[in-house]
Amino acid sequence: MVTRHQKLGLDDTTVLKMYETMLLARRIDERMWLLNRSGKIPFVVSCQGQEAAQVGAAFALDREKDYIGAYYRDLALVLAFGMTSREVMLNVFAKSEDPSSGGRQMPGHYGQKKNRILTHSSPVTTQVAHAVGITLGARMKGDSAISLVTFGEGSSNQGDFHEAANFAGVQKLPVIFFCENNKYAISVPTSKQLACEKVSDRAIGYGMYGKTVDGNDPLSVYEAVKYAADRGRKGEGPSLIEAICYRLTPHSSDDDDTTYRTKDEVSEAKKKDGVLTFAAYLREANILTEDIEAALEEKIKHLVDDATDYADAAPFAEPESTLQYVYDEKGEI
Amino acid sequence: MVTRHQKLGLDDTTVLKMYETMLLARRIDERMWLLNRSGKIPFVVSCQGQEAAQVGAAFALDREKDYIGAYYRDLALVLAFGMTSREVMLNVFAKSEDPSSGGRQMPGHYGQKKNRILTHSSPVTTQVAHAVGITLGARMKGDSAISLVTFGEGSSNQGDFHEAANFAGVQKLPVIFFCENNKYAISVPTSKQLACEKVSDRAIGYGMYGKTVDGNDPLSVYEAVKYAADRGRKGEGPSLIEAICYRLTPHSSDDDDTTYRTKDEVSEAKKKDGVLTFAAYLREANILTEDIEAALEEKIKHLVDDATDYADAAPFAEPESTLQYVYDEKGEI
Amino acid sequence: MAVMSYIDAINLALHEEMERDENVFVLGEDVGVKGGVFLATKGLYDKFGENRVIDTPLAESAIVGVGIGAAMYGTRPVAEIQFVDFILPAVNQIVSEAAKTRYRSNNDWSVPMTIRAPYGGGVHGALYHSQSLEGLFSGTPGLKIVMPSTPYDAKGLLKAAIRDNDPVLFLEHKRAYRLIKGEVPEEDYTLPIGKAEVKRQGEDVTVITYGLAVHFAIEAADKLEKEGITTHILDLRTVYPLDQQAIIDAASKTGKVLLVTEDNKEGSVIGEVAAIIGEHCLFELDAPIARLAGPDVPSMPYAPPMEKFFMINPDKIEKAIRELAEY
Amino acid sequence: MAVMSYIDAINLALHEEMERDENVFVLGEDVGVKGGVFLATKGLYDKFGENRVIDTPLAESAIVGVGIGAAMYGTRPVAEIQFVDFILPAVNQIVSEAAKTRYRSNNDWSVPMTIRAPYGGGVHGALYHSQSLEGLFSGTPGLKIVMPSTPYDAKGLLKAAIRDNDPVLFLEHKRAYRLIKGEVPEEDYTLPIGKAEVKRQGEDVTVITYGLAVHFAIEAADKLEKEGITTHILDLRTVYPLDQQAIIDAASKTGKVLLVTEDNKEGSVIGEVAAIIGEHCLFELDAPIARLAGPDVPSMPYAPPMEKFFMINPDKIEKAIRELAEY
Ligand SMILES: Cc1ncc(C[n+]2csc(CCOP(=O)(O)OP(=O)(O)O)c2C)c(N)n1
Ligand SMILES: Cc1ncc(C[n+]2csc(CCOP(=O)(O)OP(=O)(O)O)c2C)c(N)n1
Ligand SMILES: [Mg+2]
Ligand SMILES: [Mg+2]
């Protein structure tokens with residue numbers, strides 16, 4: 001019997017690697033909450049519930065060449081693009097070595113040039129235009145890299161989404177607009193954010209290909225993003241892919257989600273959690289055996305412990321370094 | 001035989017009035033160019049080629065009750081909403097009595113509270129959100145007024161279009177987004193502005209009704225806008241109507257359009273000019289007889305002459321009045 | 001009089017104004033069911049319903065732009081921007097539209113709207129949840145910018161802002177929300193927009209500042225008083241347009257002026273305060289005009305040592321006052 | 001050396017930089033086929049083609065935001081905003097993104113982008129085609145704001161801006177475009193960003209200004225010289241961050257300072273100049289710091305009598321210098 005992933009051209013090793021990345025993201029995320037609740041770190045923003053979508057998307061790209069414009073929930077995505085557990089924890093602890101910002105930005109504000117992860121800020125949706133610009137620059141320089149940029153469904157209502165999408169459409173740039181629709185923008189449900197049925201309904205307005213897929217299933221996401229990536233590389237322009245997920249945690253460690261959604265709703269969603277369902281799929285396909293699973297958990301626990309210890313012990317940047325890097329220090333002024 | 005306009009519920013008097021409004025706008029516009037080329041006024045921005053669309057839209061509304069957010073080409077629209085020829089010319093000459101701005105804004109920046117014409121500025125597309133807000137305020141106060149807001153196809157690419165459209169969609173507000181697609185944004189043709197086939201393709205992304213119609217035909221426009229207005233009043237939410245027109249003049253008196261489009265293209269478009277084709281329709285239907293036509297031209301010439309003379313002779317605002325009306329002068333500070 | 005926190009005073013003002021005038025309504029992100037991320041709009045949704053307490057889509061330009069339209073219609077919107085750092089997508093609507101509507105229409109149309117936003121640092125908010133952006137808006141005729149320091153001022157000024165017939169940007173220090181408490185009358189009162197207030201009388205050095213820094217200055221003044229140095233503290237309260245006379249009076253009173261802001265130094269509103277002094281009471285001065293502000297870096301970093309390095313605090317103010325006193 | 005207009009110097013700089021470095025490209029509204037509404041980008045489309053001279057959709061936030069991405073990639077975009085009044089939809093991309101990219105990424109990413117925009121009044125542009133918006137951006141660490149007054153400076157500074165590794169907002173006075181002519185070397189040269197320049201030596205009064213007003217000040221100074229009053233004129237050239245030392249030197253030189261801007265008075269960049277003087281050379285002054293600026297109304301009206309009332313001009317400057325000289 002040919003499995004679903006084989007039909008998509010993915011071998012067993014690759015899907016296992018996908019699962020491993022999802023699981024690593026989940027375990028780091030869980031650790032972050034523990035650190036927060038025990039007073040070690042002041043802030044957490046989570047990827048839980050979106051790992052499957054992120055990993056499915058990442059694996060459909062050329063991770064040695066393409067660019068990602070990530071947003072604050074994209075822990076699994078940046079791990080897939082080469083950020084290490086230690087590097088993530090250095091960001092969480094805001095230490096000097098944090099590759100994203102040297103401890104300057106809040107946790108979750110990923111960026112790393114060597115892995116082609118664009119730096120991003122807190123104001124949502126600005127990164128969408130940057131990802132478009134990346135491909136404009138690349139095209140000008142004869143580089144066939146494409147970019148994938150992520151954002152929430154709430155953020156898809158910002159003007160910057162529209163302007164950047166239209167720009168990419170007109171210029172036929174190989175950008176994948178990847179909406180991680182987790183049903184909430186903090187407390188505001190999609191019914192108060194959107195009047196369209198699907199975010200991907202907006203694709204036609206930019207002459208794009210649009211598709212909505214199950215964000216709990218990394219294979220569906222992989223398939224859609226792969227199709228979009230191929231289109232992009234063939235010069236057929238941008239695509240808008242929407243992955244339907246669910247935000248399993250409160251918006252952040254500062255949020256109390258019980259004031260606006262029921263516990264029942266959350267526990268229902270947990271049943272469809274992609275980390276669980278993909279594990280089930282892999283077990284079914286006999287790829288995730290008990291031994292492999294135990295070894296994986298063991299390896300990941302070790303990675304997370306090591307990353308936590310390392311980051312906890314690492315130094316903060318010097319106070320005076322606050323003054324550095326406002327402008328290019330090799331240049332004038 | 002039942003005529004097209006009768007099928008739409010429009011009687012002969014009304015369609016003649018529509019034609020008269022179109023013609024008045026055209027003649028005022030032509031006069032503005034004469035005044036400009038003879039050095040009397042420094043600036044003109046034109047409605048030529050869009051009168052049919054504007055008048056068709058205006059007549060589909062309740063002009064005693066509804067609101068319009070006009071843009072700088074909407075001369076025919078504001079005339080239909082009650083602005084007089086004198087008032088328009090006072091604006092063109094920037095005189096103190098100009099109801100739009102007292103001579104503060106450039107010509108074409110219409111606004112008049114008593115006729116429910118929103119004040120507007122030069123940065124394009126900002127008025128779109130205002131028109132949405134008008135209906136939000138109206139709904140809160142139990143007023144069933146709707147609003148129609150206009151903008152060019154170039155301006156439909158501004159973030160404000162997207163944000164306001166989505167807001168109206170979510171709140172199901174009775175706003176008609178009316179795009180006057182005249183094929184150019186200054187020198188930039190639609191092919192470099194839009195990747196969608198029709199601006200109305202964007203409607204679905206906001207859960208709206210969308211429709212593209214021939215902007216040279218006031219009856220088609222009337223029909224579409226009437227449908228949208230009825231929907232709005234029934235609580236079915238906003239609509240996006242696109243009227244395909246052609247900008248018959250240069251962008252403004254500062255523009256030389258021969259550097260980016262051919263004279264042939266313009267003369268082709270002139271053949272479809274709504275002022276001509278609607279006149280032909282009315283002649284065919286025996287509504288615009290030779291006598292009526294001559295009387296109309298005579299009446300309009302008189303109106304335009306009178307308005308020009310009046311506005312030319314009217315005083316400018318006092319220099320010191322520059323300091324007035326920054327804040328409410330009845331209030332504090 | 002009840003003692004309440006700064007945020008409770010704001011919440012109370014909103015409740016009272018919405019009860020008083022059915023034209024007043026609230027819109028913004030998470031302001032409804034959740035009551036706002038800081039809970040400033042708590043209880044409004046239950047009391048006034050979803051027509052007057054609107055959870056909007058995540059789109060600041062629309063929040064302000066739609067608010068402008070509703071204000072033009074005749075209602076009195078109170079828009080919340082979740083953090084002032086996120087007001088930037090709405091700058092065009094605020095500066096080109098709200099602030100210029102009355103003027104450009106020659107008094108025909110107006111925008112009686114209040115825009116509330118939390119600002120300021122010291123809460124581990126990092127670059128994008130710590131900014132002071134009043135300087136960016138403070139050259140915008142047609143707009144007023146109010147930044148209260150105490151719960152009493154917050155209630156009275158917010159009510160005045162809501163009743164004002166022009167757009168008011170009302171900036172609330174997010175660290176003050178729960179840190180600062182004070183007496184607040186339960187009854188209705190307003191305070192005049194455009195008026196600064198002397199928060200402490202003194203003879204040796206004048207401090208002119210606003211927002212949370214007023215409290216830092218008072219703390220510093222308390223300490224210095226024991227050394228015999230008395231400090232005159234002017235709280236600007238409205239940072240645009242500035243209360244020129246109050247600035248001139250306060251500067252002239254002691255002849256030694258320290259201007260304090262939490263914002264970056266270059267281009268902040270205290271530059272304008274210095275200019276007013278330089279224009280109007282230069283010869284009353286006995287020392288150069290001193291400024292204490294954040295460094296000219298984009299905003300304060302997240303890591304505690306850098307955040308602390310950036311933020312002004314009572315110690316830094318104390319040191320600056322002492323230097324001036326000894327000048 | 002050729003004598004050319006201000007706009008021709010800009011056009012020349014663009015041609016030269018695009019020839020010199022294939023990473024340089026231009027994007028904006030109408031910049032391609034038409035060559036820009038002021039023709040600043042004339043000839044570029046024909047010479048460099050549509051891949052490097054891009055007519056964009058009408059969307060300023062995308063023009064800047066896409067430019068930022070391309071700059072992050074490693075190219076050097078030169079974005080044109082058609083009028084500075086229309087830069088406001090792009091404020092978030094400029095202030096939150098371009099200006100903070102290097103800092104927030106701890107020097108990992110950077111945005112070597114130039115944003116050009118015409119500003120200024122006196123051309124019957126009314127409220128929205130006459131504004132000076134440098135004040136709005138002048139509290140944005142990470143950004144540089146350059147405003148040249150002469151064709152020579154325009155060419156040298158624009159080339160420096162394009163080669164700069166950080167975002168530069170390059171503001172060109174639209175009335176200067178064809179009004180101001182001067183000698184411009186045909187060869188390659190750059191001028192230092194961040195440096196003011198003394199445009200005229202004098203002993204009695206110092207005028208500190210920038211842009212078109214430099215020429216108005218020179219005109220005034222020419223007249224006054226006949227009366228025996230000599231004027232020292234400092235052209236700021238970069239209005240953010242300011243050249244503090246040059247300001248201190250110029251103010252100290254005569255002890256009487258007139259600050260001139262075409263912008264509204266309150267909150268303009270000359271307020272910061274006054275603050276620097278008040279901080280650093282207060283006791284060198286023999287007269288209060290004087291400021292000449294537009295009134296605090298939203299912008300200049302269209303009708304000629306009101307536009308004239310609003311605009312600064314050589315007469316107003318002359319009067320202000322004379323008053324100071326006689327102080
Ligand atoms: C411009 C802007 N406005 C407001 C915020 C505050 N904020 C942070 S996250 C968020 C909700 C985002 O929702 P969505 O886009 O659906 O992403 P999600 O958090 O659900 O993944 C808001 C309102 C912000 N960061 N930026
Ligand atoms: C925000 C903004 N950017 C740029 C401009 C300059 N501008 C004025 S009209 C125009 C083109 C508008 O095109 P379109 O929306 O198609 O309307 P049309 O003039 O064709 O009716 C431009 C770019 C402006 N007014 N506002
Ligand atoms: Mg979401
Ligand atoms: Mg057009």
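Letters A, B, ... mirror the listed sequences (proteins, then strands); counts begin at 1.
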inquiry  = Please determine whether a side-chain nitrogen of the Lys or Arg among Lys265(D) and Glu272(C) lies less than 4.0 Å from a carboxylate oxygen of the Asp or Glu.
reply    = no
ask   = With side chains defined as the heavy atoms from C-beta onward, is the minimum distance between Val269(D) and Glu266(C) less than 4.5 Å?
value = no
key: Over all atoms of both residues, closest heavy-atom pair of Ala275(C) and Ala274(D)   = CB-CB, 3.5 Å
ask   = At what distance, to the nearest 0.5 angstrom, does CD1 of Ile276(D) lie from CZ of Arg291(C)?
value = 6.5 Å
inquiry  = What part of Gln131(C) gets within 4.5 angstrom of chain D, counting heavy atoms only: side chain, backbone, both, or neither?
reply    = side chain
inquiry  = Using side-chain heavy atoms (C-beta onward) and a distance below 4.5 Å, is Leu136(D) in contact with Val95(C)?
reply    = yes
ask   = chain D heavy atoms under 4.5 Å from Leu143(C): which part of the residue, side chain, backbone, both or neither?
value = neither
inquiry  = Nearest 0.5 Å, please: how far is OH in Tyr128(D) from CZ in Arg104(C)?
reply    = 4.0 Å
task = Between chain C and each of Pro89(D), Gly139(D), Ser268(D), count heavy-atom pairs under 4.5 Å; write down the option with the most.
result = Pro89(D)
inquiry  = Looking at Lys316(C), I want to see if its NZ is surrounded by more than 12 non-hydrogen atoms of other residues, nucleotides or ligands under 6.0 Å.
reply    = yes
message = With a 4.5 angstrom heavy-atom cut-off, is it the side chain or the backbone of Phe86(C) that approaches chain D, or both, or neither?
response = neither
key: Part of Ile277(C) within contact of chain D (heavy atom distance under 4.5 Å)   = neither
query = Which atoms of Ile94(C) come close to chain D, meaning under 4.5 Å heavy atom to heavy atom: side chain ones, backbone ones, both, or neither?
reply = neither
query = Which heavy-atom pair separates Leu127(D) from Tyr103(C) by the least distance, and what is that distance?
reply = CD2-CE2, 3.8 Å
remark   = So, the part of Leu259(D) with a heavy atom under 4.5 Å from chain C: the answer is neither
key: Contacting moiety of Asp286(C), where chain D heavy atoms sit under 4.5 Å   = backbone
key: chain C contacts, top residue of Pro141(D), Gly278(D), Ala287(D) (heavy-atom pairs, under 4.5 Å)   = Pro141(D)
request  = Let me know if Leu242(D) has heavy atoms under 4.5 Å from chain C in its side chain, its backbone, both or neither.
outcome  = both
remark   = Rounding to 0.5 Å, atoms CG (Leu282(C)) and CG (Leu282(D)) come to a distance of 5.0 Å
request  = Against chain D, work out which of Ile270(C), Asn92(C), Asp85(C) has the most heavy-atom pairs shorter than 4.5 Å and name it.
outcome  = Asn92(C)
task = Identify which part of Phe137(D) has an atom lying under 4.5 Å from any heavy atom of chain C, answering side chain, backbone, both or neither.
result = neither
inquiry  = Quick check on Ala126(D) against chain C: is it the side chain, the backbone, both or neither that has a heavy atom closer than 4.5 Å?
reply    = neither
key: Nearest-0.5 Å distance that lies between atom OG in Ser138(C) and atom CG in Asn264(D)   = 11.0 Å
inquiry  = Using a 4.5 Å heavy-atom cutoff, which residues in residues 293-305 of chain D come close to chain C?
reply    = Asp296(D), Val297(D), Pro298(D), Ser299(D), Pro301(D)
ask   = Under a 4.5 Å heavy-atom cutoff, which of Ala99(D), Cys281(D), Ser96(D) has the most pairs with chain C?
value = Ser96(D)
